[in-house]
Amino acid sequence: MTVQSSPLAVVALACAALSAAIIVGYLILRPPLGPSSRIWLLFGLGVFPIGVAFAGNIQGFEATKERQFCGSCHVMIPHASDSNSITSVSLSSRHARNKLFGNENCYSCHADYGMFGTIVTKLGGMRHVWLYYTEYRNVPIEEAKTTIHLLKPYPNDNCMQCHSTEGKLWLEVPDHKASLGDVRQGRVSCASAGCHGYAHPNFRPPGEAPAEPAVHPAPTDSSKTDAGSAP
Amino acid sequence: MKPPPPTSRLVLVSCVLTLAAVGLMVWSLLDPRPVPVVAAMSIGQGLGTASLGAFLYAVGADLRSRYVRARAERESARPRPP
């Protein structure tokens, strides 16, 4: 979300301007501390800055959900530019196109849900920023593609936040029917080679040959259920 | 009328810290990349909180010293008991 499109950012900037104006005015005039200068300063040093922090925090949390934000560390550029590409058929890119959350697709798939989910995800994100500046800053993109992995296998629960696995049409798909328990329990990954393919084009499970660039590992068997992955 | 008390140095410190804190937060709004956003939410808020604390402390100290001075003046104006 850009500044122009966000009322919160405008509120934050307005508070910042008012606070700065009061402080600069005070520094120029230097009136003695009296009842009226105290009130002015309370606004300049307290009320308005708290307004900036409050609106700015919410705005900051929103900004960190954007794909643009994720892609601003160069090691994430391959993932981000794949999602940006309108022709990519990767699962991740196909989740980048709708208006509701397309711009926040990384966060939508990778955020932990549940109680404290946002906070846990954000703390995890702080760790990423730290790791980036301590370890990955100078890692070439090609190397990052094959060395940066998730800490834990990707949980189907994250897909199931949106794909409930309860829909009638969904349940009628033979592969879904056959593997229902395993899918809901997370024993079979939705994003695996035999099912919907990996989410990111250059991903291969550990031990398999590295991916060729930009080829979606579409399922090859005929029981393919993923209509959207063609061609 | 006695001269007004000198502007507390603490209030000046508070002003400068607040400007820095608000500046950091504005930077993170205009340029929401990881470093500005993280800096605004940590350093920025730390500075802002510290500066408000400094201001409130300065006001408290100022009010107290006025009170003490006023009381001292009252006491000295009162006729001394023989």
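Excluded from the calculations below are hydrogen atoms, water molecules and symmetry mates; all remaining heavy atoms, backbone and side chain alike, are included. Note that the structure is a prediction, hence the values are computed from the model and not measured. Proteins come first, then strands; the chains are lettered A, B, ... in the order of their sequence lines, and each starts at number 1.
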CA sep, side-chain torsions, deciding dist, call: A/Arg38, B/Leu63, side chain to side chain contact (heavy atoms under 4.5 Å, CB included): CA-CA 11 Å; A/Arg38 274 202 295 268; B/Leu63 290 179; 3.4 Å; yes
For residues [X] and [Y], report the shortest heavy-atom separation together with the two atoms involved.
X	Y	answer
B/Leu29	A/Ala12	CD1-CB, 3.5 Å
A/Phe69	B/Val37	CE1-CG2, 4.2 Å
B/Arg33	A/Ser72	CG-CB, 4.3 Å
A/Pro49	B/Thr18	CG-CG2, 3.6 Å

For each of A/Leu45, A/Leu41, A/Ile22, A/Leu42, tally heavy-atom pairs with chain B at distances under 4.5 Å, and name the one with the top tally. A/Leu45
Counting neighbours of [atom1] on [X] that are heavy atoms of other residues, nucleotides or ligands and sit closer than 6.0 Å, is the number greater than 12?
X	atom1	result
B/Tyr57	OH	no
A/Arg137	CZ	no
A/Phe43	CZ	no
A/Tyr133	OH	yes
A/Met160	CE	yes

Less than 4.5 Å to any heavy atom of chain B: does that hold for the side chain of [X], its backbone, both, or neither?
X	answer
A/Phe48	neither
A/Leu27	side chain
A/Ile50	side chain
A/Cys73	side chain
A/Val129	side chain

Mind checking the CG-CD1 spacing from B/Leu12 to A/Ile23? Nearest 0.5 Å is all I need.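 One finds 11.0 Å between CG of B/Leu12 and CD1 of A/Ile23.
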Contact residues of residues 44-53 of chain B (partner chain A; heavy-atom separation under 4.5 angstrom):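 Listed by number: B/Gln45, B/Leu52.
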Under 4.5 Å from any heavy atom of chain A, what part of B/Leu17 do you find: side chain, backbone, both or neither? neither
Is chain A contacted by the side chain of B/Ser14, its backbone, both, or neither, given a heavy-atom distance below 4.5 Å?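 Backbone plus side chain of B/Ser14, per the 4.5 Å heavy-atom cut-off to chain A.
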Answer yes or no: is there a side-chain heavy-atom contact under 4.5 Å between B/Cys15 and A/Tyr26? yes
